[in-house]
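Just so you know, ligand 1 is whichever comes first in the structure, and atom 1 is the first atom listed for that ligand.
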Amino acid sequence: MNELIALRGTQTSLVLERQAQGAPLWRYWGPRLADDFAAGPALADEPCFKGFLLDQPLRLDVFPGAGLGWFGMSALEAHHEGRDFAFAATTTAIERTENGLIIQLNDAVAKIAVALRLSLDPVSDVLTQSSELTNMGDTTLDVQWLASGVLPLPANCTQVRHYAGRHANEWVLQEDPLGRATWLRENRRGLTSHDTFPGAVVIADGTTAHAGPAYAAHLAWSGNHRQAIDWIGDGRWQWQMGLGLAPGELRLAPGESITTPDMLATCSIQGWQGAARNFHQAMRDRIDWPGGAMEPRSVHLNTWEGYYFDHDEAALIALADRAAAIGIERFVLDDGWFHRRNDDTAALGDWWCDADKYPSGLLPLAQHVRALGMEFGLWIEPEMVNPDSDLYRAHPDWALHIAGRAMQTSRNQLVLDLTRPEVSDYLFDSISKVIADLPLAYLKWDHNRDLVAAADSTGRAAYRRQTLAYYDLLRRFRAAFPQVEIEGCAGGGGRIDAGVLPHVHRFWTSDCIDALSRLRMQQGFLQFFPPEVMGSHIGTAPAHTTGRSQGQAFRAAVACQGHLGVELDLRTLSESDEADLVRWIAFYKTWRGLLHRQTWSGSASDGLVWHAAGSPQEWLLFVYRTEPTAQHFAPPLQLPFVASDARFAVRRIDPGHDGKIAAYDASWLHHGGLSIPPMLAERAVIFHGIAADTGGAAHGQA
Ligand code: GLA
């Protein structure tokens, strides 16, 4: 029997099998095994049908290579001037780290070395994998594909759940059957993209949101990417993820190395919602909060949909007064504040204040906001330039382009080549100059187009380096302004990923604030990221991007799932809507301590969707009716998340409803279900549930 190497989490285990030759084999990744598990015969000794097999057939290892007996997808596609296409790794060392392993591989013939890092976090059960490739040859190594990680998926997997979409309609769930055809998703837009989230969840037959095995992974990267699930001859699949590379983009000089972005993966037997909770924990560990810990999430007012480019200083000061009066805690001045930015045709790149709109600069407004007890935030879009800007007129060569090819604008703008140090320096200096003088707590960092012709000045593809330069620029701002939180935005959800998460504190989930659309999108977002970084605003009715209208209570109940904001023209609110808004903001402040903990989401029959947050002992439950009921009575809603064997006091608490306490047994809530009041379509009700043995005090209140 070959030596087995195991890593153990709380709910998951992984097992590799060391071979005399070659890289360690993937034996197992899945639900937690017993500490003293016995694994039967070695993988290499398993019975097989021998016809047409190699006499020493290859099984899935941690870094499968092409051309020497592995007929599946290779973890590496590379060559030295057209040679060395085939490779087969030899293990030179396996080193134990605190929660993981570093596996050193090498191929003396192909002249490459690879260090694989695997680490299984015992708390979150998230496995982090990355690969470091070194060119050991004396000519350039041209790399076309380098997997960040390779994962085995068991034979009972049947379906991939993944996300598509577009600007203002992100997180559209796709459910593809798994079969013999390679399942492949690639993003070539240069940033994470609205339409191809770099991650997915694979489930087995019968897996639901709350029960059964779910295997989930995503790539911590904000640029081009590829993910593939490839059937392998033993009935299992292998799952690879990595950078998407343009031809010639990654060429390693002799002795040079590259480390991939991390592939993050987890598995749960509590369905895909269990996998989501594991990811939430791991994502929380990646966030670097100013001051070291998250403060209760401030309620935002964002000026965009209410005011667009219409920046009138007196009106904005009046808006700030009104915002403070309704309970807003952070005032975010969106697009339109800088030199000649009157619409989206001009000015990106000219990062100084517009003297016509703000004759004394932004300081008076910012100070007014501060004096009202709110924080001040500002919108920027550093990576962009409008051809109609002083910056472009002075430096037309600073925009990404390919010599001899026409420039293609999108929203009238071009992308700056951040890989040129003078460009990044200009952006850092010019934007720093504006914000250094302000009492600034927050930057909303936008990026409003896809990349095309992303070449450096020598004509080589620069997608990857552009993403790295973006991270560097973020790092510079964080270091210079450590107290400032940053919101990641790219026309809403075009750059939401775990790669940028260490540099930001919130994502703008989507430019669509239609509550019905958001309900669905937020479920997608919450599959991978925790609610406290999910920007969710109460917008207007009708919604600007869909034309649909929902009542304010429904809009608010959807927005309360995440990090709450208000994005509408407060001047247009009726007295009663304003009074209700005040109540919703107060509601959010009361309960945000529970809202930003564990979450569970699901759907029930007859058009009901629900979201719960808190802990199994104390939770808030949002129940949304998305469609008119087809029944006379609503069926009770079964709650899979309540702590077993407790007795619960449950009360309806949405603003305007101080409901009576009803007592429920946990098993009743699980299997019998919570009684739901009659609801019209596009309405929500909110319940608070607390286990009797917690003393009846609401722990979640801030
Ligand atoms: C993008 C963002 C919006 C807003 C505008 C400003 O579309 O997603 O929230 O900031 O840019 O131009």
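For atom 8 (O) of ligand 1, the nearest non-hydrogen atom of the protein is Asp511 OD1, 2.5 Å. The nearest protein atom to atom 1 (C) of ligand 1, hydrogens excluded, is given as Asp446 OD2, 3.0 Å; this is a heavy-atom distance. From the protein, the heavy atom lying nearest to atom 5 (C) of ligand 1 is Trp304 CE2, 3.5 Å. Considering only non-hydrogen protein atoms, atom 9 (O) of ligand 1 sits nearest to Lys444 NZ, 2.7 Å.
Put simply, the side chain of Arg341 gets close to the backbone of Ala346: a donor and an acceptor are under 3.5 Å apart. Here the side chain of Asp497 pairs a donor or acceptor atom with the backbone of Gly499 at under 3.5 angstrom.
Checking each of His447, Arg495, Glu383 against Tyr470 for a side chain to side chain donor-acceptor pair (under 3.5 Å) leaves exactly one that passes, namely Arg495.
Residue His447 places no heavy atom under 4.0 Å from ligand 1.
Of the listed residues (Asp334, Asp335, Leu348), the one carrying the non-hydrogen atom nearest atom 4 (C) of ligand 1 is Asp334.
Aromatic ring centres of Phe331 and His368: separated by at least 6.0 Å. Tyr308 and His544 have their aromatic ring centers within a separation under 6.0 angstrom.
Using modelled atom types and a 3.5 Å distance limit, the side chains of Thr345 and Asn412 yield no donor-acceptor pair. No hydrogens or angles considered: nothing links the side chains of Asp388 and Asn386 as a donor-acceptor pair under 3.5 Å.
Contacts of Glu381 with ligand 1, taken as heavy-atom pairs under 4.0 Å, are absent altogether. In Asn448, the part holding a heavy atom less than 4.0 Å from any atom of ligand 1 is the side chain.
The N/O atoms of Trp379, backbone and side chain alike, include one that comes under 3.5 Å of an N/O atom in ligand 1. For ligand 1, the polar-atom distance check against Gly492 finds a nitrogen or oxygen pair separated by under 3.5 Å.
Listed by atom number, the atoms of ligand 1 under 4.0 Å from Trp508 heavy atoms are 8 (O), 9 (O). Numbered from 1 in the order shown, with element, the atoms of ligand 1 that lie under 4.0 Å from a heavy atom of Cys489 read 2 (C), 8 (O).
Ring geometry, His395 versus Trp398: the interplanar angle falls under 30°, so the pair is classed parallel (tilted spans 30 to 60°).
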